[in-house]
Amino acid sequence: MANRKRTVASAISLALITVTTLVLTVFGCAEYYRQYANSYNRLKTQLLVSTEQLSLSLALPIWNFQYEQAEKLIESQMLDRDVAAVQVTDLLTGRVLATRVRDDAWLPRPAQDVDDDPELLRQRGGVFYNSRHIAILDVWMSPRFVRQALREHLLYMIVQILVLNLAIVGLLWIVLNRAIVRPLKRVELHAAGVVDDAAQPSPLPPQPELLELDSLQSSINRMVSYLQNRIGEARLAGDRITSIMDAMPSLMIGIDGNARITHWNHAARERTGLDDPQVLGKPLVEALPGFVPYMEPLLGALERLEPATLPGVSCTLGGETRHCDVMAFPVLHQGGRWAVVRVDDVTDRLRMDQLIIQTEKMMSLGGLAAGMAHEINNPLAGILQNVQNVQRRIQPDLPGNQAAAREAGVELERVGDYLERRGIPEFLRDIRYSGERAARIVQNMLSFTRSTCSQGKCPVRLDELADRVLTIAATDYNLKKKYDFRHISIVRDYAPDLPPVTCSPMEIEQVLLNLLRNAAQALAQRPEGEAGADTPEPTIRIRLFRDGDCAVMEVSDNGPGMEKEVGRRVFEPFFTTKSPGEGTGLGLSVSYFIITRNHQGSISLDTAPGRGAVFTVRLPLAPGPEAPGQCGIPDTPVSTD
Ligand SMILES: Nc1ncnc2c1ncn2[C@@H]1O[C@H](COP(=O)(O)OP(=O)(O)OP(=O)(O)O)[C@@H](O)[C@H]1O
Ligand SMILES: [Mg+2]
C-alpha cells in the first residue's frame with residue numbers, strides 16, 4: 001500500500017494556507033461588514049438629501065397645479081439608480097399627485113399607489129410653499145446596488161486571498177524543499193543504508209545550511225555509525241553462533257516460548273532434509289512430527305526453566321525411525337523464554353552397547369562354562385568309564401569273566417540270559433549314550449564361547465558352526481516360555497561346496513542362535529487346536545549355500561509368519577511383540593548390526609501372515625576394504641508380500 005503520510009512541505013504549506021485563509025477570511029468579513037455599514041449610512045444620508053432637494057423643487061409646480069412639471073422633476077430624480085420609488089400626495093385630499101415606481105426591469109413607470117416594501121428605505125418629507133404645508137413627498141431607496149457593489153468587493157477579496165495563498169505556497173514549497181526536505185531526504189538515505197547493508201554505509205550527505213538541520217544531521221550521522229558498528233558486531237556474533245551450531249554433529253534447534261523454531265542448524269537440515277525457510281517460524285512438531293509425545297516434557301522444562309533430558313526415545317529422522325537422546329536447555333532472555341533443543345541420534349551407540357553387553361555375557365558364560373565343564377567332565381569321565389567297565393565285565397567271551405563266574409559257581413551264559421531278559425545291557429547302553437552326549441554338549445559350549453579367534457576373524461566352516469549352534473539351541477528349551485527344540489524337526493540343508501567364511505565365529509553363532517530362538521518361539525505360538533493330522537510338523541530349516549562371492553545362510557520356519565507392520569520393524573532396536581520379560585526386542589537389531597557393520601553383509605526377511613518367515617544372511621566369503629558391501633544391504637531388507 002502506498003505511503004499516505006503527508007510530506008513536510010505539504011504539511012507546512014497546508015498549515016500556512018489554513019492559517020492565512022482563516023486570518024484573511026476574518027479580516028475580509030470584518031471589512032465587508034464595515035463597508036456594508038458605511039454604504040448603508042451613505043444611502044440613508046443620500047435619501048435624506050434627495051428628499052429635501054426634491055421637496056423644495058416640487059413646491060412651486062404643485063402650488064401652481066403644474067403636475068406635469070412635477071412629474072418631470074420626479075422623473076429626473078429617478079435617474080439616480082438607487083431611488084426605487086417617489087410619490088407626492090396632496091395633504092388636504094390625500095390624492096396622489098405624482099408617482100414613479102420601478103418595475104421588474106428597474107425602469108421607472110407611473111403607478112396608482114406605491115407598495116411599501118419593507119426591504120426599501122423610506123424617507124417622508126413635507127412640500128412647503130411660503131411656509132404652507134401643501135403636500136407630502138415619499139422617497140424610497142433600494143440597498144440593492146450597495147449590496148451588489150459589496151458582493152463584487154467580496155469576490156475581489158476572495159480572489160486576492162487565493163492568489164496571495166498560491167503565491168505563498170509556491171514560494172514556501174521552493175524554500176522548504178531546498179532548505180529542509182532535500183537535506184532531510186539525504187540524511188534519510190544515509191540512515192536507510194544502515195538497514196539495507198551495514199557493510200557498505202552510504203556516503204555522508206553535505207552539511208545543511210540551517211542550524212537545527214545541521215545539528216540533527218550530525219546526531220543522525222553519529223547514530224548511524226554507532227548502529228553500523230553494533231549491527232556489524234551483532235552480525236558477527238550471530239554468524240559465530242550459527243557456525244558453532246552448524247559445527248555440532250547434533251541436531252540443534254532453537255525454539256521460542258510457543259515452541260516455534262527460531263534456529264535450525266546444519267545437522268538438522270541434513271538429517272531432516274528440511275531447509276530454513278521450510279521450518280523457521282513454524283511449530284517444532286510440524287518439522288518433526290515424531291516429537292508430539294515429547295512436547296509436554298519439553299514445554300514443562302521451558303516453563304520451569306530447568307533442563308530436561310529424554311534418553312533413548314524413538315524419533316523419526318528423514319523418514320527413518322531412530323533412537324535419540326533429546327535434551328532441552330531453557331534460556332530466559334530479556335523477559336522472554338526460549339530453549340535450545342539438542343537431538344542426538346544414539347541408535348548406533350545403543351546397538352554397540354547391546355553388542356558389548358551380549359558379548360560380555362557370552363564371555364562370562366564362557367568362563368562359567370569352562371569351570372562347569374571341568375567340574376562336569378570329571379564325574380562324567382567316572383560314569384562313562386565305569387559303564388564301560390560294567391559292559392566289559394558282563395561279556396560272556398572274556399576269559400577273566402569266565403574265571404570269575406566259575407569261582408562264584410554260576411554259569412556266565414545264564415547270567416547273561418538273565419541280564420538280557422531284564423534289559424540291563426540296554427540300560428547300560430543308554431547310560432553310556434547319555435553320558436557321551438553330555439560330554440559333547442560341554443565340549444560344544446566350550447568351543448562356542450572360547451573360539452580360537454573370538455576377538456577377530458578367521459576362516460570358519462559354516463556347517464560346523466551351524467551344528468554347534470544347533471546343539472546349544474537344542475538344550476535351550478524353556479518350559480515357561482513354552483518353546484522346546486525337542487518338538488521341532490530340524491532340517492539341515494548344507495551345500496557341500498561351501499568354502500570356509502572369514503568371520504567372527506562367536507558373533508555369527510550369536511546371530512544364528514537369535515534366529516533359531518525366534519523361530520522356535522514363533523513355532524510355539526501355534527494354537528494348540530491347530531496341531532492335527534493335516535498340520536505340517538513344526539520345522540526349522542537351515543540352508544547353507546554359496547552365491548557368487550557370498551555365503552548364504554537361510555533360516556526358515558513354518559510358523560505363523562508376520563504382519564506387514566511387524567515385518568517392517570523387526571530390525572528396529574527394542575521392537576518386540578513379546579510380553580515384557582519374554583523379549584527385549586534386541587535380538588534382531590544386534591544381529592543386523594553384526595552382519596551389516598561388522599561383516600559388510602546383509603540380513604533380510606521374507607514373510608507373510610501364515611506363511612512362516614525366512615531370514616537370509618549373506619556374508620562375503622572374504623570381506624575386506626577392497627570389496628565393501630559385495631553382499632551388502634539389499635534394496636528391500638524386508639519383504640512382507
Ligand atoms: N521367525 C519369526 N516368526 C515370527 N515373528 C518373528 C520371527 N522372528 C522375529 N519375529 C518378530 O520380531 C520381533 C523382534 O525379534 P527380536 O529377536 O529382535 O526380539 P525378541 O525376540 O522379541 O526379543 P529378544 O530377542 O531380545 O528375546 C519379535 O518380537 C517377533 O515378533
Ligand atoms: Mg529374539
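One-based numbering, in listed order, for ligands and for the atoms of each.
Counting heavy atoms from C-beta on, the side chains of Leu419 and Pro425 come closer than 4.5 Å. The shortest side-chain heavy-atom distance between Thr576 and Leu586 does not fall under the 4.5 Å cut-off. At least one side-chain heavy atom of Arg432 sits under 4.5 Å from a side-chain heavy atom of Leu384. Here the side chains of Ile508 and Val501 are not in contact, with every heavy-atom distance at 4.5 Å or above.
Here salt bridge (Lys or Arg N to Asp or Glu O under 4.0 Å) pairs that include residues 243-266, with residues two or more places apart or in two chains, are Asp246-Arg269.
The N/O atoms of Ala613, backbone and side chain alike, include none that comes under 3.5 Å of an N/O atom in ligand 1. In terms of polar-atom proximity, defined here as any N/O pair under 3.5 Å, Ser589 makes no such contact with ligand 1. In terms of polar-atom proximity, Leu588 is counted as a contact of ligand 1, with an N or O under 3.5 Å from an N or O of the ligand.
A perpendicular orientation is assigned to the rings of Phe574 and His323, their planes being inclined by more than 60° (bins at 30° and 60°).
Scanning all protein heavy atoms for the shortest distance to atom 27 (O) of ligand 1 gives Gly583 CA, 3.5 Å. Nearest non-hydrogen protein atom to atom 12 (O) of ligand 1 is Val570 CG1, 3.2 Å. Atom 6 (C) of ligand 1 has as its closest protein heavy atom Met562 CE, 3.5 Å. Of the protein's heavy atoms, Lys578 NZ, 3.5 Å lies nearest to atom 20 (P) of ligand 1.
Salt-bridge formation is detected for the pair Asp467/Arg492: a Lys NZ or Arg NE/NH1/NH2 atom is positioned less than 4.0 Å from an Asp or Glu carboxylate oxygen. The residues Arg546 and Asp497 are annotated as not salt-bridged, no charged nitrogen and carboxylate oxygen being separated by less than 4.0 angstrom.
Rounded to the nearest 0.5 Å, atoms OH (Tyr494) and CD (Glu464) are 10.5 Å apart. Here the straight-line distance linking atom CZ of Phe291 with atom CG of Leu310 works out to 8.5 Å at 0.5 Å rounding.
At a 4.0 Å cut-off, at least one heavy atom of Gly585 sits close enough to ligand 1 to count as contact.
With distances taken over non-hydrogen atoms, the option nearest atom 8 (N) of ligand 1 out of Leu515, Thr607, Asn514, Asn518 is Asn518. Taking each of Val555, Leu605, Val566, Thr577 in turn, the one with a heavy atom nearest to atom 28 (C) of ligand 1 proves to be Thr577. One option in Gly567, Gly587, Pro560 has a heavy atom closer to atom 25 (O) of ligand 1 than any other, and that option is Gly587.
Proximity of Asp557 to ligand 1, defined as any heavy-atom pair under 4.0 Å, is confined to the side chain (atoms from C-beta onward). Contacts with ligand 1 closer than 4.0 Å are made by side-chain heavy atoms of Phe615 only, the backbone lying farther away.
No side-chain donor-acceptor contact under 3.5 Å links His266 to the backbone of Met245.
Under the salt bridge (Lys or Arg N to Asp or Glu O under 4.0 Å) criterion, Arg422 pairs with no residue, sequence neighbours left out. Partners of Glu413 according to the salt bridge (Lys or Arg N to Asp or Glu O under 4.0 Å) rule, which considers only residues two or more places apart in sequence or in another chain, do not exist here.
Under a 4.0 Å criterion applied to the non-hydrogen atoms of Thr576, ligand 1 contributes the atoms 20 (P), 22 (O), 29 (O). The contact set between ligand 1 and Phe575, taken as ligand atoms under 4.0 Å from a residue heavy atom, comprises 14 (C). Close approach of ligand 1 to Ala522 (heavy-atom distance below 4.0 Å) involves ligand atoms 2 (C), 3 (N), 4 (C). Atoms of ligand 1 lying under 4.0 Å from at least one heavy atom of Thr584, given by number and element, are 23 (O), 24 (P), 26 (O), 27 (O).
Here the Mg ion (ligand 2) has protein N, O or S atoms under 2.8 Å from it, and they come to 1.
The SG atoms of Cys324 and Cys315 sit under 2.5 Å apart.
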